[in-house]
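What follows is a set of notes on a single structure, which appears directly below.
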Amino acid sequence: MTTPTAPLTQDELKTLVGQAALHYVVPGEIVGVGTGSTVNKFIDALATMKDQIKGAVSSSVASTERLKALGITVFDANDVQSLSVYIDGADEIDGKGYMVKGGGAALTREKIVAALAKQFVCIADESKLVAALGNFPLPVEVIPMAAGQIARNFEAMGGTATLRMKDGQPLVTDNGQHILDVRGLQITEPLAFESQVNQWPGVVTVGVFAHQKAHVCLLGCADGVRTITY
């Protein structure tokens, strides 16, 4: 009689997809590295082949510190013309590879590094796969003096925007700005939505990644890693 195996925990699923992402790293090149708990698993896995790559371009101070601690060289984005691959997580991803990102407050730098890359590989557990974007509060990085007006713009769309706080003060991003989290929106046209919100004065970046969508998603599922190509 075989003992049934316990389902994998979310942490174990993150480890699996982090390791699976190594398949997309091109030896001898610089890899784009995102931010977050799933990406931390990828960074740990990347350390096992650090001698085979030139280094990384990182999307946050936290990831940069983790990479350097593991002996991986980190390049400034301005010193790199292009990247073969960018590997990052998502707060939500739909059936077309469009994502909501920014739960870790690094959305602007993530979008900058994603724009350098020829391929975006999203690593996530299956809870992040959605039919339509909008259940996860949408992060929007804003210049502080514009936060009130931007919140009113979202209210006119049917959303409710709240300022993200940390230790009783507005959270400050790596870029010195604030984050609005917007609830109550269903984003059925991600490309048009991203373009529209990015035009509002004071918006640094909206956390919809449609123009920089995923090309591949490595999804951690109960039976292992599922690869979805868009």
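The first residue in the sequence is number 1, and the count goes up from there. Treat the numbers as computed from the prediction; the structure is a model and nothing was measured.
Contacts of N175 classified as side-chain hydrogen bond (donor to acceptor under 3.5 Å, both in side chains), with partners at least two apart in sequence or in another chain: R109, E141.
Applying the 4.5 Å side-chain rule to ILVMFWY residues, one finds that V172 remains a lone member of its cluster. Summarising the hydrophobic clusters (Ile, Leu, Val, Met, Phe, Trp, Tyr; side-chain heavy atoms under 4.5 Å, direct or chained), the residues clustered with V26 are none. F154 belongs to a hydrophobic cluster with Y98, V100, V130, L133, F136, L138, V140, V142, I150, M157, L163, M165, L180, V182, L185, I187, L191, F193, V197, W200, V203, V206, V208, counting contacts under 4.5 Å between side-chain heavy atoms of Ile, Leu, Val, Met, Phe, Trp and Tyr, direct or through other members.
By the neighbour-count criterion of 12 heavy atoms within 6.0 Å, atom CD of E12 is densely surrounded, having more than that number from other residues, nucleotides or ligands.
Taking 4.0 Å as the cut-off between side-chain N and carboxylate O, E110 and K101 count as a salt-bridged pair.
Closest approach of R164 and G103 over heavy atoms only: NH1-O, 3.0 Å. Of all heavy-atom pairs spanning Y24 and V85, the tightest one is O-CG1, 3.5 Å. Listed here is the closest heavy atom pair of F42 and A21: CD1-CB, 3.7 Å. Taking every heavy atom of both residues into account, L83 and V31 meet most closely at CD2-C, 4.4 Å.
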T108/T205 under side chain to side chain donor-acceptor pair (under 3.5 Å): CA gap, chis, key distance, verdict: CA-CA 6 Å; T108 299; T205 306; 2.8 Å; yes

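With S63 contributing its side chain and G34 its backbone, the two residues share a donor-acceptor pair below 3.5 Å. Counting only distance, with no hydrogens or angles, the side chain of D88 and the backbone of T35 share a donor-acceptor pair below 3.5 Å. Judged purely by atom type and a 3.5 angstrom limit, D91 uses its side chain to pair as donor or acceptor with the backbone of G102. Of the possible polar contacts, none joining the T73 side chain to the G55 backbone as a donor-acceptor pair under 3.5 Å is found.
Interatomic distance, I43 CD1 to I72 CD1, rounded to the nearest 0.5 Å: 7.5 Å.
Between the side chains of T9 and D11, not a single donor N or O lies within less than 3.5 Å of an accepting N or O.
Identified under the side-chain hydrogen bond (donor to acceptor under 3.5 Å, both in side chains) test for residues 42-55, with sequence neighbours left out: D44-R66. The list of side-chain hydrogen bond (donor to acceptor under 3.5 Å, both in side chains) pairs with a residue in residues 206-229, not counting sequence neighbours, reads S195-H211.
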